[in-house]
Number of protein chains: 2
Amino acid sequence: MNIGQVAKVTSVPAKRIRYYEQIGLLKPAQRTDAGYRVYGDGDIHSLRFIRRARGLGFSMAQISKLLALWQDQCRSSAEVKAVAASHIKELKIKIGELQSMVDTLANLADQCDGDDRPDCPIIAELQGDKS
Amino acid sequence: MNIGQVAKVTSVPAKRIRYYEQIGLLKPAQRTDAGYRVYGDGDIHSLRFIRRARGLGFSMAQISKLLALWQDQCRSSAEVKAVAASHIKELKIKIGELQSMVDTLANLADQCDGDDRPDCPIIAELQGDKS
DNA sequence: CCTTGACCTTCCTATCATGGGAAGGTTTAT
DNA sequence: ATAAACCTTCCCATGATAGGAAGGTCAAGG
């Protein structure tokens, strides 16, 4: 299969497939005489694996680990779970940060009249007023 | 004040201050004969404003708008509120995405034994098994 | 057989908001 | 006078892509 066809069946754009190869996430694809990349079923499975992992927010570095564990028959599920746990932890931290922004902003926006006048608690907060 | 002193009092590193000037968020600072940037109180207020806005997760583009509104005596609070509302909306979407990742992952991790054996529902999910 | 269009290739650039560091000039303090 | 602590600009790096230019290749139709 050509890269374009693989892109279609995996929903991973050709550009991204080349990028994954470049950073070593995928092993270099075989080439035709003309230099075209050629892919087999294994590559397609790998790309789907990567796509799903990306969908769960894993970084490339984490996916690299997960791919290695996936291929490793001798893996322990504990190792996989550790990668996931670390990612969950990061996600929760991020969510907490974003949520606290939302809380503050919603609070301020709620107190804002949203009319034609210039007075605004949002601006006041950013300005540093100790209201 | 020199850039280093401003960095200290605003908690915004000199590097970042120069960057803000470069992208037009701050007006170009005055210079000494030797080319050193010189800042006044107004700049310090602006930098604190930017720092607080960044802390609430606003993008540079949004902060640019907010700065303009801040300076604009004729602003309507509705405009400010609109910027905030749009940001809140984006944040909530992001939080929703991250939370759904956490939910999926926590569920999978929960089902994972985390022992020495290779069997792992996390890997199975990424692999695409219809378990 | 030749052209056209749809592919493919590599390479360069941009994003966003920074951080790091090199090379070189200035100021301050001892 | 010299050393330390500043400052300047410039270039490169991040992560995970997207966009596009320049050029080679392949399949189909006239």
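Chain letters run A, B, ... following the sequence lines, proteins first and then strands; every chain starts at 1. Keep in mind it's a predicted model, so treat the numbers as computed, not measured.
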Between B:Arg48 and B:Asp43, is there a donor-acceptor pair closer than 3.5 Å when you use the side chain of the first and the backbone of the second? no
Let me know, please, whether B:Thr32 or B:Met60 comes out on the 5' side of the other along DNA chain C by nearest nucleotide. B:Met60
Between B:Arg51 (side chain only) and B:Thr10 (backbone N and O only), is there a donor and an acceptor less than 3.5 Å apart? yes
B:Met1 CE - C:dT27 C1' separation (whole Å): 17 Å
Would you please say whether a donor-acceptor pair under 3.5 Å links the side chains of A:Ser77 and B:Asp115? yes
Write down the distance between CG (A:Asp33) and C1' (D:dT25), rounded to a whole number of angstrom. 12 Å
CZ on B:Arg54 to CZ on B:Arg16, rounded to 0.5 Å: 8.0 Å
More than 12 heavy atoms of other residues, nucleotides or ligands under 6.0 Å from CD of A:Gln127: is that the case? yes
How many whole angstroms separate atom OH of A:Tyr19 from atom P of D:dT14? 9 Å
Encode nucleotides 3-8 of chain D as B, S and - characters from 5' to 3', where the letter depends on protein heavy atoms closer than 4.0 Å: B to the base, S only to sugar-phosphate, - to neither. ---BSB
May I ask whether A:Ile23 and A:Tyr39 are part of the same hydrophobic cluster, defined by side-chain heavy atoms of I, L, V, M, F, W, Y residues being less than 4.5 angstrom apart, directly or through others? yes
Can A:Asn107 and A:Gln111 be counted as having a side-chain donor-acceptor contact under 3.5 angstrom? no
Would you please classify the geometry between the A:Trp70 ring and the A:Phe49 ring as parallel, tilted or perpendicular, with 30° and 60° separating the classes? parallel
Does C:dT18 have its OP1 or OP2 closer than 4.0 Å to a side-chain nitrogen or oxygen of B:Tyr20? yes
Specify the separation, in whole Å, of atom CZ of A:Phe58 and atom P of D:dA16. 13 Å
What integer distance in Å separates A:Leu25:CG from D:dG15:P? 13 Å
Between atom CD in A:Gln22 and atom P in D:dT14, what is the gap in whole Å? 11 Å
Check whether A:Gln5 reaches the backbone of A:Asn2 with its side chain - one donor and one acceptor, N or O, closer than 3.5 Å. yes
Write out a two-atom table: protein N or O, nucleotide N or O from nucleotides 18-22 of chain D, distance below 3.5 Å.
from	atom 1	to	atom 2	distance (Å)
D:dA18	OP1	A:Arg16	NH2	2.8
D:dG19	N7	A:Lys15	NZ	2.8
D:dG19	O6	A:Lys15	NZ	2.9
D:dG20	N7	A:Lys15	NZ	3.4
D:dG20	O6	A:Lys15	NZ	2.3

Quick one: B:Ile23 CD1 to C:dA14 P, roughly how many Å, whole number? 16 Å
